[in-house]
There are 2 protein chains.
Amino acid sequence: MTTMTAARRREEAKAEFDAYMDSCPTNGLRGIIGNKWNSMVLLRLEQGTVRYADLSRALPGVSAKMLTQTLRSLERDGFVSRSVTLAVPVQVEYTLTLLGERLIPLLDAMRHWADRNMPEVDAARAHYDANNP
Amino acid sequence: MTTMTAARRREEAKAEFDAYMDSCPTNGLRGIIGNKWNSMVLLRLEQGTVRYADLSRALPGVSAKMLTQTLRSLERDGFVSRSVTLAVPVQVEYTLTLLGERLIPLLDAMRHWADRNMPEVDAARAHYDANNP
DNA sequence: CTGCATCCAATATGATACTG
DNA sequence: CAGTATCATATTGGATGCAG
């Protein structure tokens, strides 16, 4: 059947595209810095070493679960290193790795672009909303 | 009660932090370029004007719903302009606006960083996974 | 102090069918 | 061709309680 063939083709094209997205480095990067808590935590770490509770205080919106999950994934990706000091109670410190520090200029570029252009985006949104009831 | 006060303080801090995140331009930008389909559509539009069906074909993973939603939000944000040609059947074309074009260098910077550094991230992940059973 | 486990709510995304 | 509408599913996030 022709319809079967077309459906089959779409499936293959989709699988191929999914594979492309998985392997594309830019896409991977987007998944990392496009994440809300990743970027918030990275922002704090740019200032230097911090402890778990410091982050928790600096980021009042984060749940313990998300904070742990975020730190784990940043550690797994090699952006952050975790060091435990055995004491009572234990102390855990997080620091940017060299790879993590290499990310800073890119984050700066994003901040710079945002500062210069996001007001225009806000204006475009207001304009759009005003004209689309 | 002391616990009440502490809870109250946390609530206030959280509200304040949420307000900060809403107003922070960098955070707004992250919401835009950190979105999977936004960035995929932007990537196509860098090449020039495209029609709805072109995008649908170029992005085999996207559902009609997501594609429409993505294009609407990019239009609302002022990155993309939409022009309708009345014919049978109708033609709708999407193009980058000037604001949208200003985004290109930033996207290039992301691609550049990703190409140079994501392999190291992949290695870090493999290493982490190997050591954490 | 740090962080894991569980359960639940919210949101994002997808599949499918239908229309001007 | 370019959507809209609806339903189903997946992913994400938060609250809570417990433990080393």
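All figures in this text were calculated on a predicted structure; none of them were measured in a lab. Chain letters run A, B, ... following the sequence lines, proteins first, then strands; residues in each count from 1.
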Spacing of B:L67 atom CG relative to C:dT13 atom P, expressed in whole Å
13 Å
Report, one pair per line, the protein and nucleotides 12-20 of chain D atoms (nitrogen or oxygen only) whose separation is under 3.5 Å.
{"unit_1": "D:dG14", "atom_1": "O6", "unit_2": "A:K65", "atom_2": "NZ", "d": "2.3"}

Measuring to OP1 and OP2 of C:dT2, would you say a side-chain N or O of A:R82 lies under 4.0 angstrom away?
no
Could you state the atom-to-atom distance from CG of B:N132 to P of C:dG3 in whole Å?
13 Å
Residues forming a side-chain contact (heavy atoms from CB on, under 4.5 Å) with B:A114, sequence neighbours excluded
A:P25, A:T26, A:L29, B:M118
With a 4.0 Å cutoff (strictly under), does any side-chain N or O of A:R57 reach OP1 or OP2 of C:dC1?
no
Calculate the interatomic distance between A:L71 atom CG and C:dG3 atom P; express it in whole Å.
7 Å
Are the charged groups of A:D108 and A:R111 less than 4.0 angstrom apart, N to O?
yes
Please confirm whether the backbone N or O of B:R102 pairs with a side-chain atom of A:W113, one donor and one acceptor, at under 3.5 Å?
yes
Surrounding CD of A:E16 (heavy atoms of other residues, nucleotides or ligands, distance under 6.0 Å), is the total greater than 12?
no
Inspect the contact between B:D54 and B:R57 and indicate whether a charged nitrogen and a carboxylate oxygen are less than 4.0 angstrom apart.
yes
B:R51 side-chain N/O to D:dA2 phosphate OP1/OP2 under 4.0 Å
yes
Here the distance between atom P of D:dC1 and atom CG of B:L86, to the nearest Å, is 17 Å
Round to the nearest Å and state the distance from A:D18 atom CG to C:dT13 atom C1'.
13 Å
So, OP1 or OP2 of C:dC1: does either fall under 4.0 Å of a side-chain N or O from A:Y94?
no
Less than 4.0 angstrom from a charged side-chain N to a carboxylate O is my criterion; do A:D129 and B:R76 meet it?
yes
Rounded to whole Å, OH of A:Y52 lies from P of C:dC1 at a distance of 11 Å
